[in-house]
Amino acid sequence: MKWTQTLIPTLREAPSDAEIVSHKLLLRAGLIRKLAGGVYTFLPLGLRALRKVEQIVREEMDRAGAIEVLMPALQPPEIWQQSGRYETASNVLFKLKDSGGREWLLSPTAEEVITTLAANEINSYRQLPKNFYQISLKFRDEIRPRFGLMRAKEFIMKDAYSFDTTDESAMASYKKMYDAYTRIFARCGLKAFPVEADTGVIGGNYSHEFMVPAETGENEVVFCEACGYAANIEKATSGIPKTAAREIGAAVEKFATPGVVTIEALSKEPYKVPANRQIKTLVYIADSKPIIILIRGDDQLNETKLMARTGVVAVRPATSEEISPLLGAKPGSLGAVVNVPADAYVFADERIRGANDMTTGANEDGFHLRNVSIERDIKVHEWSDLRTVSAGEPCAKCAKPLKIRRAIEVGHVFKLGTKYSEALNATFLDADGARKPSVMGCYGIGVTRTLQAIIEQGNDKDGVIWPLNVAPYQVCITPLAVAPESEAMKLAEKFYAELTAKGVDVILDDRDERPGVKFKDSELVGFPIRIGIGEKSLAKGEVEIKPRHGAMQSIKVEEAVNAAMKLVSDGVAK
RNA sequence: CGGGGCGUAGCGUAGCCUGGUAGCGCGCUUGUUUCGGGUACAAGAGGUCGUGAGUUCGAAUCUCACCGCCCCGACCA
């Protein structure tokens with residue numbers, strides 16, 4: 001490709017609506033342009049890089065035995081009602097009507113469609129296992145699109161869906177995808193690692209996310225360097241000890257705490273109740289029903305865990321106005337010992353199970369209770385892990401201190417079980433003549449997000465540093481004179497023809513620009529290899545080869561093509 | 001949706017508080033110049049100051065509403 005024939009609108013300065021480095025570089029390097037919030041046009045260079053990522057994904061899916069299909073973006077709501085997600089995923093669904101008034105959805109994912117397909121086309125265990133995938137536009141009415149392609153209303157996702165006869169077979173399908181994902185991200189030049197994950201609205205019971213470490217990531221990952229444990233903080237647990245038991249104290253005693261409405265205030269003079277001997281009482285509204293949560297004073301509730309436990313669609317903290325009539329006191333004096341409505345469901349965190357000598361609110365403004373022994377004094381309906389892990393806590397597996405870092409989620413694999421196959425009748429006839437629902441898995445890669453993650457991970461002050469495998473062009477030939485009869489341009493054309501013939505993606509910067517402009521632009525866009533051709537070195541029979549992320553070297557004209565080929569085959573120089 | 005911020009030329013911005021001629025840098029066009037790291041000089045084009053209403057003799061500037069964009073939170077590939 002000749003530079004002047006394509007469109008590479010580089011920018012000296014980033015538009016002010018870009019915040020993070022990868023978003024700025026996507027714009028500055030002329031890869032994308034915004035049409036509206038969360039909606040982008042891919043320019044020629046951005047599209048080339050995107051296609052390369054897609055191709056890697058496609059090759060690895062095929063290699064893992066998945067088969068490519070293409071499902072409609074326009075979907076009828078009936079199948080979503082059947083699966084139950086018309087309600088549970090309602091907040092991200094784009095809904096529209098055709099001219100006849102019939103309602104449609106824009107696909108945010110395709111479990112319903114693929115399961116309907118499987119229900120119709122798969123009848124026998126002999127047809128299984130099968131794994132279908134597609135690479136297509138997805139639509140989600142994100143509450144807040146942000147960071148360019150990171151969270152967009154419209155994005156490209158690879159989604160795959162496996163159907164198996166048994167749980168064991170489904171695990172094998174899962175493992176194949178897990179391994180394929182590991183290869184995909186490695187081939188994209190990304191340092192991505194798998195972590196245990198919550199399953200969210202997709203459902204299912206076993207799941208890993210693939211994470212790219214980045215300060216700008218929207219996720220927090222808890223990990224152990226010693227044993228390799230890693231989990232999304234929404235799911236992570238630690239080996240932190242339970243609350244130390246003390247001698248069962250005297251009977252519960254009410255004491256006045258005027259004006260004390262925080263854990264911290266109660267831990268100070270004159271009360272001096274340490275936060276770890278306090279029970280924090282929270283009221284949440286779970287799908288419009290109030291629930292009471294008990295957690296240790298120095299712990300933080302993990303709302304994702306709460307949602308997973310309750311199985312509801314949405315939880316939110318109750319307002320003060322909702323709490324007062326329920327418990328008879330305002331937040332700050334709440335407890336679950338006395339005056340708890342009989343129908344109020346009480347969840348308690350495992351860490352305070354068996355704890356005694358605790359202090360909690362009296363459900364009376366300005367009073368607390370001491371000597372509370374949880375099992376004796378509180379009716380807990382359900383115990384579970386509800387707390388958020390903090391950095392430094394001991395790993396549950398090896399007791400070494402856990403660390404926390406931020407990351408970008410680029411892929412997610414789920415073991416779904418039979419949730420969708422049962423709802424949508426995707427059954428098969430087994431060898432024993434019994435009709436059974438297929439055991440499903442689903443597997444997603446945010447392709448456009450992966451592209452941005454590559455940039456977020458590979459850049460410096462001068463611009464993007466593309467891994468060779470996904471660079472829009474691998475080699476940029478930069479003649480410093482562009483008149484057709486000039487030595488530099490003639491040689492550039494020759495290199496261009498030879499490298500192209502060898503299957504290398506080459507761009508020739510034939511713009512009549514100053515050398516500085518060309519060098520700056522090639523670094524901004526981030527081509528892995530630049531071949532500079534100018535009169536000075538040409539006089540010595542040499543040209544320059546400059547890896548984007550390495551030192552420039554002068555090389556004899558006749559060796560230039562081979563030298564470039566070597567860099568390409570080496571996967572490019574450090 | 002809650003909280004915060006911002007809308008002035010393609011991009012980045014000044015001007016707004018204290019109402020009166022819309023300014024600068026980059027980019028773009030033309031010419032000269034330069035020719036190995038975003039050259040220099042000159043001449044130019046380009047603006048409904050987000051939209052609408054209001055206050056005023058007069059509004060980019062003050063008031064209100066709406067729209068859009070960005071950041072923090074809930075949601076997720």
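Here is how names work: the chains are called A, B, and so on, in the same order as the sequence lines, proteins then strands, and each is numbered from 1.
- For A:K34, whose side chain is taken as the heavy atoms from C-beta onward, the closest listed nucleotide among B:C70, B:A77, B:C75 is B:C70.
- Among the heavy atoms of the strands lying under 4.0 Å from A:R144 is at least one base atom, whether or not backbone atoms are also near.
- A:R530 contributes a side-chain N or O that forms a donor-acceptor pair with the base of B:G37 under 3.5 Å.
- Base engagement by A:D521 is indicated by at least one non-hydrogen atom pair under 4.0 Å involving a base atom.
- Across every strand in view, B:C41 sits in a pair with B:G31 that passes the Watson-Crick or G-U test at under 3.5 angstrom.
- Remark: ring of A:F155 stacked against base of B:A77; centroid gap under 5.5 Å, plane tilt under 30°.
- Taking 3.5 Å as the limit, the base of B:G36 and the side chain of A:E544 contain a donor-acceptor pair of atoms between them.
- Remark: the A:E544 side chain and the A:S537 side chain contain an N/O donor-acceptor pair separated by less than 3.5 Å.
- Base engagement by A:N219 is indicated by at least one non-hydrogen atom pair under 4.0 Å involving a base atom.
- The listed nucleotides are B:U39, B:C69, B:C71; the one nearest the side chain of A:D17 is B:C69.
- Using a 4.0 Å heavy-atom cutoff across all strands shown, A:R33 reaches no nucleic acid atom at all.
- Of the candidates B:G36, B:U39, B:C75, the closest approach to any side-chain atom of A:V517 belongs to B:U39.
- Within the 4.0 angstrom heavy-atom criterion, base atoms lie near A:E523.
- Across all strands shown, B:A9 remains unpaired; no Watson-Crick or G-U wobble contact has both distances below 3.5 Å.
- If you check B:C66 for Watson-Crick or wobble pairing at under 3.5 angstrom, you find it paired to B:G50.
- In this structure, B:G73 and B:C1 make a Watson-Crick or G-U wobble pair, each of the two defining distances being under 3.5 angstrom.
- When the nucleotides B:C11, B:C75, B:G37 are ranked by their closest atom to the side chain of A:P15, B:C11 comes out on top.
- Distance from the side chain of A:R146 is smallest to B:C71 among B:C71, B:G12, B:G37.
- Nucleic acid contact for A:G534: base, since at least one base atom lies under 4.0 Å from a heavy atom of the residue.
- Within the 4.0 angstrom heavy-atom criterion, only backbone atoms of the sugar-phosphate kind lie near A:A14; the bases stay farther away.
- Residue A:F147 places its side chain closer to B:C72 than to any other of B:C72, B:C76, B:G36.
- Nearest nucleotide to the side chain of A:K536, out of B:A74, B:C76, B:G36: B:G36.
- Distances shown here put a side-chain N or O of A:R514 below 4.0 Å from the OP1 or OP2 atom of B:U39.
- Counted by atom type alone, A:Q134 and A:D159 present one or more donor-acceptor pairs between their side chains at under 3.5 Å.
- Note that A:K2 lies in the cation-pi zone of A:Y496, set by a 6.0 Å cut-off to the ring centre and a 45° limit from the axis.
- Side-chain proximity of A:E19 to B:G36, B:C71, B:G37: nearest is B:C71.
- The side chain of A:E13 approaches B:G12 more closely than any other nucleotide in the set B:C76, B:G12, B:G36.
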